[in-house]
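The next block holds one structure in the form of structure tokens; read it before the comments.
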Amino acid sequence: GCTSNEPPEEENTAPAPVAAEGNDEPGEDVVIGFSAPAADHGWMGAITQTAVDTAEQYPDVTLRQAEATNDVNVQISHIEQFINDEVDAIVLLPFDGAALTEVATKAMEAGIPVINVDREFSSPFAARATILGDNYGMGVSAGTYICEQLGDNPDAVVAEIQGIEALPLTQDRSQGFADALADCGLDVDAQVAADFTIQGGETATSNLLQAEPQIDAIWNHDDDQGVGVLAAIENAGRDEFFMVGGAGSLDVMEHIQAGDTPLEATVIYPSTQAADGIKMARLVVQNKNMGDLVSAGVPRTTQLYAPVVTADNVEEYLPIGFES
Amino acid sequence: MSGTTAAPPADAPSDAPRRSGWLSGPAVRNLGLVIALALICVAGVITGGERFADIDNVLTILRLASVTGVLAIGMTFVITSGGIDLSVGSVLGLTTVWATTVATQTMAEDIHWVLMVFTALVVGTAAGLVNGALIAYGRVVPFIATLAMLAAARGLAEMISDRQTQQVDVAGFTDFFRADWIGVPVLVWIFALVSVAGWVLLNRTTFGRRTVAIGGNEEASRLAGIKVKRHTLYLYGLAGLAAGIGGVMMLGRTTAGTSTNGVLYELDVIAAVVVGGTLLVGGRGTIVGTVLGVLIFNTLNNIFVINNMSTSAQNVAKGLIIVVAVLIQQRFANRSRST
Amino acid sequence: MSGTTAAPPADAPSDAPRRSGWLSGPAVRNLGLVIALALICVAGVITGGERFADIDNVLTILRLASVTGVLAIGMTFVITSGGIDLSVGSVLGLTTVWATTVATQTMAEDIHWVLMVFTALVVGTAAGLVNGALIAYGRVVPFIATLAMLAAARGLAEMISDRQTQQVDVAGFTDFFRADWIGVPVLVWIFALVSVAGWVLLNRTTFGRRTVAIGGNEEASRLAGIKVKRHTLYLYGLAGLAAGIGGVMMLGRTTAGTSTNGVLYELDVIAAVVVGGTLLVGGRGTIVGTVLGVLIFNTLNNIFVINNMSTSAQNVAKGLIIVVAVLIQQRFANRSRST
Amino acid sequence: MVDVDRDDAETPEGTGAPANLLLRMEGIVKHFPGAKALDGVDLDVLPGEVHCLLGQNGAGKSTLIKVLSGAHQPTSGRILLDDAEIAIPHPVAALNHGIATIYQELDVVDGLTVAENIYLGHELDRGGFTQRRAATRRARDLLRRLGHPEISPHTEVGQLSAAGKQIVSMARALSHDARVIVMDEPSAVLDSGEVENLFRVVEGLTAQGVAVVYISHRLEEIRRIGDRITVLKDGRTVGRNLAVAATPTKELIKLMTGRTVEFAFPERPGVPDDAPVVLEVSDLALGSTFSDVSLEVRAGEIVGLAGLVGSGRSEILETIYGARRATSGHVRVGGRALRPGSVPAAVAANIGLAPEERKSQGLLLDEPVFKNITLSTFARTAKGGWLDERAERRAASEQAVALDLRPPQVGRAIRTLSGGNQQKALLARWLVHGCEVLLLDEPTRGVDVGARSEIYALVRSLADAGTAVVVVSSEIPEVLGLADQVLVVSEGQVVHRGPAQDIDEHAVLDLVMEGSAA
Ligand SMILES: Nc1ncnc2c1ncn2[C@@H]1O[C@H](COP(=O)(O)OP(=O)(O)OP(=O)(O)O)[C@@H](O)[C@H]1O
Ligand SMILES: Nc1ncnc2c1ncn2[C@@H]1O[C@H](COP(=O)(O)OP(=O)(O)OP(=O)(O)O)[C@@H](O)[C@H]1O
Ligand SMILES: [Mg+2]
Ligand SMILES: [Mg+2]
């Protein structure tokens with residue numbers, strides 16, 4: 001799809017109305033149904049939190065929040081409930097894009113615009129607008145950064161700590177990572193999967209550090225589990241490598257700033273996607289244009305930018321770091 | 001010869017307190033559940049009004065309940081026999097993956113979509129039979145055997161699907177399962193059918209009687225000539241079949257085969273069965289109770305969403321309500337049987 | 001007069017095969033586990049070589065085993081008594097959250113870091129006592145009562161933490177729990193201590209004997225004058241305390257209090273206990289077996305990582321290995337007792 | 001002594017209310033949902049006496065003693081100890097008052113050792129730590145006192161036979177330093193030698209002033225050790241404080257049953273020589289438990305197995321039945337070899353086994369009586385897998401009447417039946433089945449006198465109808481009286497076989513003693 005690179009500054013944790021004049025003026029009342037997977041880790045928690053905060057900003061928006069769940073069966077029923085309730089729009093971060101396509105299409109057919117966030121539906125008719133992070137791009141960014149650091153050493157040992165291995169998004173990230181590394185003649189020497197939790201990160205990393213006595217670089221997919229990863233590194237007393245994170249939590253950015261851990265960089269995966277979704281949903285329902293765009297209507301697809309945060313530019317990104 | 005034949009026993013066998021099936025003992029036990037469900041519905045109407053007491057909403061609840069409901073019917077048999085099956089959710093995931101492989105779908109496209117259904121049912125039953133064989137003939141305790149299957153089936157599903165979600169492209173299939181009959185979704189019909197079949201099987205057939213007997217006293221059943229091992233094999237096969245049916249329904253609902261389908265269903269399903277009044281130690285099982293248990297959990301979920309509760313608050317509320325529902329149900333269960 | 005005094009009747013099994021505590025019947029049962037663990041280690045050495053058979057690696061395995069290990073010791077008591085506690089993981093999460101609230105940490109900073117430990121233990125025990133009260137006095141079946149607690153504790157933890165990870169800032173705390181004593185991490189020491197204490201409690205105290213008795217025959221225990229309800233209360237309190245200790249250790253390991261700590265630990269812990277040879281129906285419990293069960297699972301994980309296996313392959317392998325381990329263990333268990 | 005008719009409402013009194021009463025229960029009433037188990041029962045117990053409690057199955061004996069032990073709460077009534085009213089809200093209270101109970105249903109914990117079972121609930125401990133050495137020592141003393149020094153305090157109770165468990169129960173009661181010890185059918189699972197041991201212990205207790213409340217269906221035991229008797233019928237006291245010596249057995253039976261029972265074994269019509277051999281067992285062996293067991297049972301013949309507890313008789317029956325896989329030997333029914341180790345094959349060949357431990361091996365306690373009775377036949381009654389519960393009920397009710405099951409409602413949970421009636425229901429299962437070969441393991445355990453002679457008559461009439469019967473019983477007179485042929489088993493070996501008329505109780509005892517001494 002077409003990609004529009006929005007400056008991340010536009011999305012603040014405490015979003016201030018920065019969009020084009022008039023868009024934030026109260027319009028007709030909008031009831032938005034919101035459904036996302038279980039907030040079982042910080043990034044997902046931030047997704048929900050920023051969505052709720054954004055909705056609260058607008059007196060004309062009422063947010064209906066479905067129970068966060070990792071069960072597509074339950075999530076489908078929530079969308080069905082929204083359709084029954086005849087909400088004005090649905091912002092949906094599906095646990096599995098393909099599995100929710102069906103019901104999203106049903107909503108669209110019922111005249112309810114669906115804003116698809118983060119995990120893409122399998123049919124273009126299922127969403128009015130789609131906001132995507134860039135999982136493959138994330139892997140590419142992380143891989144490219146590591147290449148820059150280690151490109152001259154073809155024997156360098158690179159390790160990767162995945163999130164939940166069985167998720168397609170994990171596969172995308174790993175693919176991007178591998179592709180970028182291959183570009184400079186490196187490969188992934190060790191790969192472990194955590195489960196997006198701190199305990200999982202700690203366990204996986206402890207075993208990983210044990211298995212690999214000498215490592216040059218680690219990419220950790222997720223800054224949430226990164227807390228555990230760092231704890232394991234500290235426990236093991238290892239510091240011969242540098243580490244790249246993923247998602248961009250506040251905590252990690254502070255570490256990058258302070259330079260007190262092997263963490264040198266992290267790849268942003270915006271946790272404000274759902275907040276954007278809320279804004280878009282409101283605009284769609286109120287028939288408004290998006291920000292500075294000249295063309296009429298909200299764009300169909302928006303893919304967010306995945307920049308690499310390092311000590312050099314961390315100041316710039318601190319405000320959008322999410323609290324894990 | 002004995003001289004006792006003279007005086008006939010004073011009290012001839014009067015079966016007075018017996019009423020027909022539904023209204024006797026078990027029904028009284030279920031009364032508590034009905035009351036709990038009714039209270040929950042009242043709460044739904046009070047807080048949700050029209051939005052809750054709406055035919056579409058009721059159908060939404062039923063549609064949601066149908067997948068776990070079917071699993072719970074199978075689980076009721078296993079638990080009644082004194083066993084447990086932790087693998088149902090994971091086997092469900094495996095069946096959805098297997099039924100949506102390119103090979104299966106191509107074949108289904110060429111021949112008939114029923115092939116996909118068939119594949120799912122065969123895979124589910126096979127996994128169940130492996131459980132059953134391990135338990136009956138390998139004498140592995142059910143908890144461990146099915147826990148192993150939980151891990152293995154999930155892993156297998158991931159390998160087969162290569163961790164990609166597989167979309168159902170066979171139109172006939174999705175059309176069928178998406179449809180309504182007489183205003184009621186096919187999925188709900190299936191749930192109803194499986195429930196009735198389960199009730200009949202448990203209460204009206206020798207298979208059901210054997211199941212209860214084995215759960216009540218395995219040794220006594222064995223000594224009475226029941227083939228306990230073979231029956232155990234069948235029981236887990238049945239639970240696997242239910243998982244297969246659940247898998248087909250899941251596919252109908254999501255049109256997506258993925259190894260993450262059914263994650264953690266085992267807990268939901270067992271909870272519904274146990275809240276329904278089936279004893280975890282075996283020997284007593286109730287299909288009606290199970291259906292009520294499934295409905296209670298799913299109605300709760302629906303009301304939470306109607307009331308816009310945060311997930312955290314939902315969890316706390318769910319914990320409290322489960323306990324209260326069980327306490328209500330117990331009040332009645334205790335009244336219905338002697339000390 | 002009785003003729004049975006003359007020759008020992010056959011129904012009095014001779015004392016012969018009895019040796020002191022560790023080496024008697026239960027030990028033979030554990031032998032199977034030891035062999036299973038040994039085989040796993042051999043597999044580790046073959047595939048991992050130096051990287052596996054390394055003192056640091058062993059310590060890593062032990063350190064990782066320590067948290068679930070402590071929970072499993074508590075769980076062994078509950079299961080031995082015929083109960084189950086599904087809430088341990090979620091209670092663990094709650095204790096880590098509560099011990100790291102700003103209020104607690106500020107107080108700990110001012111007074112002593114032991115306050116954090118104390119908080120966690122109190123919260124864990126309290127949650128356990130609530131479980132116990134529901135089960136003993138409310139007569140809710142353990143599965144349901146603790147399932148409710150699983151939901152409620154998780155929800156409460158999310159509310160308290162506002163779903164934010166709370167970092168431990170009390171230096172004394174992290175320093176203590178990250179340290180080594182005589183080359184062995186503090187966490188491993190705690191695990192060892194809890195195991196030994198658990199063994200003594202189960203095998204050498206009145207409390208332990210009564211736990212076994214209640215699991216073996218609750219009615220007989222009641223008739224023999226055991227206060228079954230009160231004992232049950234204590235048992236779940238104990239499991240809660242273990243969850244509190246586990247929470248403290250988790251904090252030591254990850255320095256982060258969050259409601260996701262301990263997610264899904266219940267299954268791991270129960271699996272370790274049951275693989276260890278404690279009967280799910282109650283009446284037989286073995287701490288040594290539990291420790292071995294925990295080690296088997298954690299060693300497996302370690303070997304999987306050393307071999308760079310994908311999660312899917314790990315799952316399949318884990319399923320197979322669990323079954324094989326149990327079959328090996330059974331071979332020995334059966335040999336150690338008569339038909 | 002008052003002579004009573006069955007219509008006489010008056011309660012016969014033996015001795016008047018004595019001065020130094022130890023324990024008195026007055027007007028005890030106990031209702032269960034749907035059943036009135038006790039309806040105003042009185043009981044007076046003197047220190048140092050053996051007070052016998054008699055009554056038919058279901059009369060309320062166990063319920064009464066459970067009220068006394070704190071296991072049940074009475075609906076109304078008073079309990080006085082030393083003339084002071086006491087409350088017994090739970091078992092601990094009874095024990096604290098010095099009232100210890102041996103229950104009818106074995107109340108031991110299989111997973112604990114003998115010593116641990118004996119001190120269960122009042123463990124010997126210091127600061128919570130068990131004093132295992134002291135417990136072992138004292139347990140050994142108790143077992144010796146009970147005449148069983150060979151039972152090791154370290155044995156897991158699950159390894160013991162029913163008799164061994166009973167002895168552990170008794171040791172537990174003794175360990176309490178009680179003033180009143182209640183024994184609910186303690187002799188039911190014991191053989192004659194062990195009953196003698198038990199009597200010695202009881203005499204030792206009474207000599208110390210301990211009162212023993214003794215329940216048994218074996219009237220000859222009551223003659224041996226009883227001092228006074230209280231008789232219950234339908235939850236009421238119908239005879240109180242009758243002196244044993246002054247009350248003829250006939251009288252007691254009439255009080256209990258309300259009618260006259262001529263107690264006798266049914267006549268043996270003799271098995272015709274041309275009767276076909278139905279059951280043929282040749283050289284059967286099961287590991288080290290028994291070996292070289294051969295027997296033939298012809299149609300219409302009753303073969304009895306006599307022997308001590310633990311001699312392996314139950315295992316012989318279970319192996320014939322296929323519940324255990326024989327290590328060698330064959331079983332043939334009607335000439336056809338039976339598949340070894342398969343119960344379904346045995347059941348299909350119309351063999352029935354009424355097992356020894358009815359609770360653990362026989363009954364589905366929470367299920368209704370009729371489902372228990374039809375447990376081996378429901379599939380046969382069923383049509384194409386569909387249950388026919390009406391037919392099941394009919395068949396079960398017929399047998400309930402035939403066996404005088406009390407209460408005869410086949411729809412109630414079998415758990416609520418008294419012990420003896422549960423035993424009858426178990427027998428009914430195989431009567432409904434209509435077996436060609438019937439294996440009975442302790443068929444009259446816990447069955448009252450009236451029903452007992454009915455069971456004898458029934459077994460005999462089954463034999464007359466052509467069934468081959470094998471009976472195991474620990475009561476030697478029962479084996480000798482009922483069987484045509486007797487096999488004496490000792491330590492897993494058949495040490496004697498011959499017609500029942502040709503041997504008497506002493507000879508059997510001598511044989512088994514010899515065998516076990518060898
Ligand atoms: N569960 C068991 N474990 C070990 N040995 C056992 C077990 N059950 C029975 N035995 C042994 O088998 C033999 C026969 O026991 P059993 O009591 O069944 O014989 P029996 O002649 O039927 O006596 P009873 O009069 O008690 O029925 C004895 O040596 C006994 O110790
Ligand atoms: N829990 C119960 N619920 C209902 N009825 C019961 C219960 N327990 C006992 N009864 C009934 O109370 C009556 C007395 O039973 P009890 O066990 O006291 O008889 P018993 O005299 O000990 O007989 P037995 O000689 O067979 O042991 C019986 O009719 C029995 O069915
Ligand atoms: Mg009785
Ligand atoms: Mg026997």
Side-chain angles (χ1 to χ4, degrees), chain A residues 31 33-40 44-45 48-49 52 62-87 94-103 105-106 110 119-123 162 164-172 174 193, chain B residues 48 50-52 54-68 89 93 96 154-155 157-158 161-168 174 178 246 249-265 268 298 301-302 304-312 314-315 318:
Chain A
V31 178
F34 175 70
S35 174
D40 49 15
M44 198 59 87
T48 305
Q49 201 55 49
V52 171
T62 311
L63 194 69
R64 293 262 171 80
Q65 226 186 313
E67 178 190 10
T69 175
N70 287 348
D71 179 354
V72 289
N73 189 22
V74 172
Q75 209 176 11
I76 289 173
S77 107
H78 292 158
I79 306 306
E80 288 173 348
Q81 266 184 280
F82 289 148
I83 300 173
N84 292 343
D85 282 358
E86 294 167 0
V87 296
F95 178 76
D96 183 320
L100 274 106
T101 303
E102 180 76 32
V103 75
T105 311
K106 212 162 104 188
R119 303 176 189 176
E120 201 171 5
F121 294 143
S122 51
S123 155
Q162 300 175 315
I164 296 174
E165 194 194 7
L167 293 181
L169 70 92
T170 298
Q171 298 303 312
D172 290 347
S174 290
Chain B
E50 280 290 287
R51 285 167 57 210
F52 179 80
D54 175 66
I55 181 75
D56 279 340
N57 192 46
V58 172
L59 287 181
T60 300
I61 294 176
L62 288 176
R63 227 179 345 223
L64 172 62
S66 59
V67 177
T68 37
T96 67
R154 186 79 66 210
E158 286 173 15
S161 68
D162 201 16
R163 299 176 205 92
Q164 304 295 322
T165 303
Q166 301 168 144
Q167 199 81 32
V168 178
T174 37
R178 223 186 290 161
M249 295 165 78
M250 193 72 158
L251 279 181
R253 208 162 140 73
T254 65
T255 70
T258 141
S259 57
T260 59
N261 275 337
V263 168
L264 288 186
Y265 274 20
D268 291 356
N298 286 289
N301 200 309
N302 185 276
F304 288 150
V305 175
I306 286 186
N307 285 294
N308 220 349
M309 271 170 85
S310 83
T311 313
S312 322
Q314 285 184 22
N315 274 332
K318 199 188 276 180

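What's counted below: heavy atoms across the whole structure, side chains too, no hydrogens, waters or symmetry copies. Residue numbering restarts at 1 for every chain, and letters A, B, ... go by the order of the sequence lines.
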Structural part of A/Glu165 lying under 4.5 Å from a heavy atom of chain B
both
Between A/His78 and B/Asn302, does any side-chain donor sit less than 3.5 Å from a side-chain acceptor?
no
Structural part of B/Leu264 lying under 4.5 Å from a heavy atom of chain A:
neither
Spatial distance of atom OG1 (A/Thr170) from atom CZ (B/Arg163) [nearest 0.5 Å]
9.5 Å
Flag the pair A/Asp71 / B/Val263 as yes when at least one side-chain heavy-atom distance between them is below 4.5 Å, and no otherwise.
no
Pick from A/Val74, A/Val72, A/Asp85 with the largest number of heavy-atom pairs that fall under 4.5 Å of chain B:
A/Asp85
Are any side-chain N or O atoms of B/Asn57 and backbone N or O atoms of A/Gln81, one a donor and one an acceptor, separated by less than 3.5 Å?
no
Roughly how far, to the nearest 0.5 Å, is CG of A/Asn73 from CZ of B/Arg63?
10.5 Å
Of the backbone (N, CA, C, O) and the side chain (C-beta and beyond), which part of A/Leu63 lies under 4.5 Å from a heavy atom of chain B, both, or neither?
backbone
Side chain from CB out, backbone as N, CA, C, O: work out which of these in B/Ser259 comes under 4.5 Å of a heavy atom of chain A, or both, or neither.
side chain
Side chain to side chain contact (heavy atoms under 4.5 Å, CB included), that's the test. Do A/Leu100 and B/Thr254 meet it? Break it down for me.
CA-CA 6 Å; A/Leu100 274 106; B/Thr254 65; over 6 Å; no
Using side-chain contact (heavy atoms from CB on, under 4.5 Å) as the criterion, point out the one residue from B/Thr60, B/Ile55, B/Leu59 that pairs with A/Asn84.
B/Thr60
Nearest-0.5 Å distance that lies between atom CG in A/Asp96 and atom OG1 in B/Thr165
3.5 Å
Chain A shares the most heavy-atom pairs under 4.5 Å, among B/Glu158, B/Met250, B/Met249, B/Arg178, with B/Arg178
Would a distance-only check, ignoring hydrogens and angles, find a side-chain to backbone donor-acceptor pair under 3.5 Å from A/Gln65 to B/Val305?
no
Less than 4.0 Å between a side-chain N and a carboxylate O, is that true for A/Glu102 and B/Arg253?
no
Ignoring hydrogens, what is the shortest heavy-atom contact between A/Ala98 and B/Thr255? Give both atom names and the distance.
O-OG1, 4.1 Å
What is the distance from atom OG of A/Ser77 to atom CD1 of B/Ile61, rounded to the nearest 0.5 Å?
8.5 Å
Going from CD1 on A/Ile83 to CG on B/Asp56, what distance comes out if it is rounded to the nearest 0.5 angstrom?
10.0 Å
